[in-house]
Amino acid sequence: MDYTELRSAVIEGNPDKAISLTRRALDQGVAPERLITEGLLPGLAVVGERFKKGEMFVPEVLMSARVMNSCLQIVRPLVVGTELPTKGRVALGTVKGDLHDIGKNLVGMLLEASGFQVIDLGIDVDEIKFIKAVRESSAEILGMSALLTTTMLHMKDVVDTLKEEGLRERVKVMVGGAPVTRQFAEEIGADGYAPDAASAVDLARQLVGDTA
Ligand code: B1M
């Protein structure tokens with residue numbers, strides 16, 4: 001399968017073209033995972049490089065991100081399936097001040113596909129909202145995503161607030177996002193770090209003691 005056109009549609013921020021190419025590829029039997037990793041994500045990587053070099057600007061990047069999320073919505077039912085969740089609940093959000101949600105959405109999708117129930121808290125989630133979600137949902141795992149070196153610092157505020165509220169022992173904390181590292185996760189007292197969505201599933205399984 002040649003993904004050149006799909007990648008270009010993501011780079012150009014062309015939703016109609018990207019959606020129709022996504023549908024066509026799926027109709028032709030392309031596996032959703034391959035479509036994401038070989039078609040959509042490489043397109044977004046080019047957007048990231050051009051943005052860094054000042055060749056693309058925020059509105060254009062936003063268009064590409066919207067295209068990406070629209071295509072993920074089409075792929076989602078095929079990845080997630082209809083099985084009842086059995087493995088545990090994950091309250092998942094992008095931290096305060098951060099609007100990036102593509103990575104979080106991918107992590108959430110793969111977690112759901114692996115039998116976790118995901119409570120998606122969205123973007124720009126402050127510690128109060130994270131704490132409320134843990135309390136009200138009895139989630140076993142709290143997952144935080146950050147894409148900015150400035151906003152990843154809020155992850156520590158959430159861990160500290162969990163401690164202050166006496167909830168730290170009740171929930172496992174996992175973190176991720178491009179600027180986040182294992183060392184940072186350890187420093188802020190998280191229970192685990194995952195570099196990508198597939199590893200996030202492995203980590204979540206490990207955190208709930210799922211060995212199946
Ligand atoms: Co922004 N942005 N952005 N942006 N943006 C980056 C992140 C940046 C690296 C671009 C660059 O300079 N090269 C840079 C950050 C620099 C830094 O701090 N280190 C940047 C900047 C600076 C900004 C603004 C400040 C720009 C401005 O306004 N001047 C601004 C900030 C807005 C804000 O958040 N307050 C901004 C805005 C935006 C848009 C809104 C236009 C748009 C986001 C739209 C959206 O998400 N709906 C956007 C985008 C699209 C990007 C890039 C191009 C792509 C990010 C992405 O989705 N990657 C990005 C450049 C790049 O990454 N190459 C960039 C794909 C995604 C699948 O990867 O999110 O890393 P990622 O997720 C991975 C893993 O990290 C991991 O699994 C995922 C799947 O494998 N993972 C987890 C993620 N979360 C996890 C959680 C886990 C476990 C694993 O456990 C819970």
Side-chain angles (χ1 to χ4, degrees), residues 7 10-11 13 15 33 35-73 75 79 88-114 116 118-126 130 133-134 139-155 158-159 171-182 184-185 188 190-208:
R7 283 181 207 149
V10 172
I11 298 165
E33 293 79 5
L35 190 90
I36 295 172
T37 53
E38 293 174 30
L40 297 170
L41 285 177
L44 199 64
V46 173
V47 172
E49 282 158 29
R50 292 191 184 169
F51 185 40
K52 202 173 176 179
K53 288 189 203 151
E55 294 168 4
M56 277 179 87
F57 300 98
V58 171
E60 295 159 303
V61 180
L62 196 52
M63 280 307 291
S64 296
R66 284 196 185 133
V67 166
M68 178 81 192
N69 274 330
S70 305
C71 294
L72 286 180
Q73 280 308 312
V75 173
V79 177
R89 283 171 298 269
V90 184
L92 181 66
T94 300
V95 296
K96 184 163 78 181
D98 202 320
L99 309 177
H100 297 85
D101 67 354
I102 297 169
K104 167 190 72 67
N105 293 346
L106 265 176
V107 169
M109 194 193 288
L110 288 206
L111 284 171
E112 282 187 318
S114 311
F116 285 89
V118 174
I119 300 129
D120 188 349
L121 305 173
I123 52 173
D124 192 17
V125 182
D126 64 16
F130 273 118
V134 169
E140 289 86 355
I141 298 177
L142 185 158
M144 289 185 274
S145 179
L147 263 284
L148 300 173
T149 42
T150 45
T151 57
M152 65 191 250
L153 305 174
H154 292 308
M155 291 176 166
V158 177
V159 176
V171 70
K172 301 284 186 191
V173 176
M174 63 187 263
V175 293
V180 179
T181 61
R182 191 172 306 282
F184 176 76
I188 64 167
D191 297 294
Y193 154 79
D196 54 55
S199 325
V201 172
D202 294 340
L203 175 62
R205 282 199 177 125
Q206 201 183 307
L207 292 176
V208 296

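Computed over heavy atoms, backbone and side chain alike; hydrogens, waters and symmetry mates excluded. Whatever order the structure lists them in is the order used to number ligands and atoms, beginning at 1.
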Looking only at protein heavy atoms, which one is nearest to atom 71 (P) of ligand 1, and what is the separation? Gly103 CA, 4.0 Å

For the side chain of Glu49 and the backbone of Val46, is there at least one donor-acceptor N/O pair under 3.5 Å apart? no

Going by the order shown, which atoms of ligand 1 are within less than 4.0 Å of some heavy atom of Lys52? 13 (N)

To the nearest 0.5 Å, how far apart are CG in Leu111 and NZ in Lys104? 11.5 Å

For ligand 1, which atoms sit closer than 4.0 Å to a heavy atom of Val107? 77 (O), 81 (N), 82 (C), 85 (C), 89 (C)

So, the side chain of Asp191 versus the backbone of Met174: is there a donor-acceptor pair under 3.5 Å, distance only? no

Can you list the atoms of ligand 1 that are under 4.0 Å from a heavy atom of Asp98? 34 (O)

Which of these, Thr149, Thr151, Leu148, sits in a side-chain contact (heavy atoms from CB on, under 4.5 Å) with Pro179? Thr149

Could you identify the single nearest non-hydrogen protein atom to atom 10 (C) of ligand 1 and state the distance to 0.1 Å? Phe51 CD2, 3.5 Å

How far does CD1 of Ile36 sit from CG of Leu106, to the nearest 0.5 angstrom? 5.5 Å

protein heavy-atom neighbour closest to atom 62 (O) of ligand 1 works out as Leu147 CD1, 4.5 Å

Heavy-atom distances under 4.0 Å are what count here, so tell me which part of Ala178 touches ligand 1: side chain, backbone, both or neither. both

Which segment of Tyr193 sits under 4.0 Å of ligand 1 when only heavy atoms are counted: neither

Would you name the N/O/S atom of His100 that lies closest to atom 1 (Co) of ligand 1? NE2

What is the closest protein heavy atom to atom 16 (C) of ligand 1, and at what distance does it sit? Leu148 CD2, 4.4 Å

Nearest 0.5 angstrom please: Glu33 CD to Leu110 CG, how far? 7.5 Å

Is atom 8 (C) of ligand 1 near the protein, in the sense that some protein heavy atom lies at less than 4.0 Å from it? no

Quick one: are Phe57 and Leu62 in side-chain contact, heavy atoms under 4.5 Å? no

Using a 3.5 Å distance criterion without hydrogens, assess whether the side chain of Asp124 forms a donor-acceptor pair with backbone atoms of Lys96. no

Within the 4.0 Å heavy-atom shell around Gly177, which atoms of ligand 1 are there? 75 (O), 81 (N), 82 (C), 83 (C), 84 (N), 85 (C)

Side chain, backbone, both or neither: Asp196 near ligand 1, heavy atoms under 4.0 Å: both

Taking 4.0 Å as the limit for heavy-atom contacts, which would you say applies to Leu41 with ligand 1: side chain only, backbone only, both, or neither? side chain

Ligand 1 contact on Leu62 by region, counting heavy-atom pairs under 4.0 Å: both

Taking side-chain contact (heavy atoms from CB on, under 4.5 Å) as the criterion, tell me which of Ile102, Val47, Asn105, Asp101 meets it with Met68. Ile102

Could you walk me through whether Val180 and Met144 satisfy the side chain to side chain contact (heavy atoms under 4.5 Å, CB included) test, starting with their C-alpha distance in whole Å, then the side-chain angles of each, then the deciding distance to 0.1 Å, before giving a yes or no? CA-CA 10 Å; Val180 179; Met144 289 185 274; over 6 Å; no

Nearest non-hydrogen protein atom to atom 47 (N) of ligand 1, with distance, is Asp101 OD1, 2.7 Å

Under the 3.5 angstrom rule, does the side chain of Arg89 hit a backbone N or O of Val134 as a donor-acceptor pair? no

closest protein heavy atom to atom 56 (C) of ligand 1 is Leu44 CD2, 3.7 Å

Would Asp202 and Ser199 count as having a side-chain donor-acceptor pair, cut-off 3.5 Å? no

Ligand-residue contact atoms, ligand 1 with Gly97, heavy atoms, under 4.0 Å: 33 (C), 34 (O), 35 (N)

Atom indices of ligand 1 within 4.0 angstrom of Gly48 heavy atoms, with elements: 13 (N), 53 (C), 60 (C), 63 (N)

Only heavy atoms of Gly143, strictly under 4.0 Å: list the atoms of ligand 1 that pass. 91 (C)

Starting from atom 18 (O) of ligand 1, find the nearest protein heavy-atom neighbour and note its residue, name and distance. Thr149 N, 3.0 Å

Between Pro195 and ligand 1, find which residue part has any heavy-atom pair under 4.0 Å and reply side chain, backbone, both or neither. backbone

Using protein heavy atoms only, decide if any is under 4.0 Å from atom 51 (C) of ligand 1. yes

Should Ser145 be counted as touching ligand 1, given the test is an N or O pair under 3.5 Å? yes

Protein heavy atoms: any of them under 4.0 Å from atom 36 (C) of ligand 1? yes

Atoms of ligand 1 close to Ala194 [distance to a heavy atom under 4.0 angstrom, numbered from 1]: 88 (C), 89 (C)

Atom 79 (C) of ligand 1: closest protein heavy atom, distance to 0.1 Å, is Ala197 N, 3.7 Å

Which atom of Ala146 lies closest to which atom of Val95, heavy atoms considered: CB-CG2, 3.7 Å

Check each heavy atom of Asn69 against ligand 1 and say whether those closer than 4.0 Å belong to the side chain, the backbone, both or neither. side chain

I'd like to check atom 59 (C) of ligand 1 in this structure: does the protein have a heavy atom lying under 4.0 Å from it? no

Check Gly143 against Phe130 and note the closest heavy-atom contact, atom names and distance. O-CE2, 3.8 Å

Nearest 0.5 Å, what's the CG-CD1 distance between Leu147 and Ile123? 11.5 Å

One residue to check: Met144. Relative to ligand 1, which of side chain, backbone, both or neither has a non-hydrogen atom less than 4.0 Å away? backbone

At what distance, to the nearest 0.5 angstrom, does CZ of Phe116 lie from CZ of Arg205? 7.0 Å

From Thr181 OG1 over to Met152 CE, what is the distance, rounded to the nearest 0.5 angstrom? 6.0 Å

